[in-house]
Amino acid sequence: MGFEVRKYKPREPKLPVSQLTKEQLRAIFMESDINKDGVLSKKELKQAFGRLGAFIPAFRAARGLHHADANHDGVVDKDELDDLIKYAYRLGYKVA
Ligand SMILES: [Ca+2]
Ligand SMILES: [Ca+2]
């Protein structure tokens with residue numbers, strides 16, 4: 001005899017959706033530094049935008065990098081992160 005665990009989805013209540021704060025965005029970008037080298041590569045940016053629910057993460061990563069990479073070394077370092085956060089913030093990523 002076994003219990004059949006039936007998973008059913010409770011009707012999802014409409015949650016108020018609020019925009020991510022800059023602090024939350026910063027945390028997500030920091031966490032996306034997978035290899036912990038202190039800078040965000042395009043690949044890591046893609047991952048970050050994927051987490052943010054971007055429709056096309058690779059596109060957002062390219063745009064974000066273009067926007068924030070002031071010294072054109074192909075990665076976003078700590079000094080450039082603020083610009084990246086501003087860019088992402090303007091896009092208005094939402095969290096429920
Ligand atoms: Ca990295
Ligand atoms: Ca850079």
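Computed from heavy atoms alone, side chains included, the values below leave out hydrogens, waters and symmetry copies. It should be emphasised that the depicted structure is a prediction, and the values quoted were computed from it without experimental measurement.
- Aromatic ring centres of Phe29 and Phe49 lie closer together than 6.0 Å.
- Applying the side chain to side chain donor-acceptor pair (under 3.5 Å) rule to Tyr93 yields no partners; only residues at least two apart in sequence or on another chain are considered.
- Considering Asp69, Val39, Leu40 as possible partners of Glu80, the one that fulfils the side chain to side chain contact (heavy atoms under 4.5 Å, CB included) test is Asp69.
- Within the model, atoms NZ of Lys42 and NE2 of His66 stand 11.0 Å from one another, a figure rounded to the nearest 0.5 Å.
- In summary, Asp33 and Lys36 do not engage in a salt bridge, as defined by a charged side-chain N under 4.0 Å from a carboxylate O.
- Here the NZ-OG distance, from Lys46 to Ser32, works out to 13.0 Å after rounding to the nearest 0.5 Å.
- A distance-only check finds no donor-acceptor pair linking the side chain of Glu31 to the backbone of Ala48 [under 3.5 Å].
- Ile28 and Phe59 are assigned to two separate hydrophobic clusters, defined by single-linkage of ILVMFWY side chains at heavy-atom distances under 4.5 Å.
- A salt bridge links Asp82 to Arg26: at least one charged side-chain nitrogen sits closer than 4.0 Å to a carboxylate oxygen.
- For the atom pair Gln19 CD and Arg90 CZ, the distance stands at 11.5 Å (nearest 0.5 Å).
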Exercise. Checking side-chain contact (heavy atoms from CB on, under 4.5 Å) for the pair Glu44/Val76: CA distance, chi angles, key distance, verdict?
Worked result: CA-CA 10 Å; Glu44 289 166 340; Val76 175; over 6 Å; no
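- For the side chain to side chain contact (heavy atoms under 4.5 Å, CB included) criterion with Leu25, the lone passing option out of Leu52, Leu84, Leu81 is Leu52.
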Problem set entry | Step-by-step side-chain contact (heavy atoms from CB on, under 4.5 Å) determination, Ile34 to Gln47 | CA-CA 9 Å; Ile34 310 294; Gln47 183 125 338; 3.7 Å; yes
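- In the hydrophobic clustering of ILVMFWY residues, with side-chain heavy atoms under 4.5 Å counting as a link, Tyr87 and Val75 come out apart.
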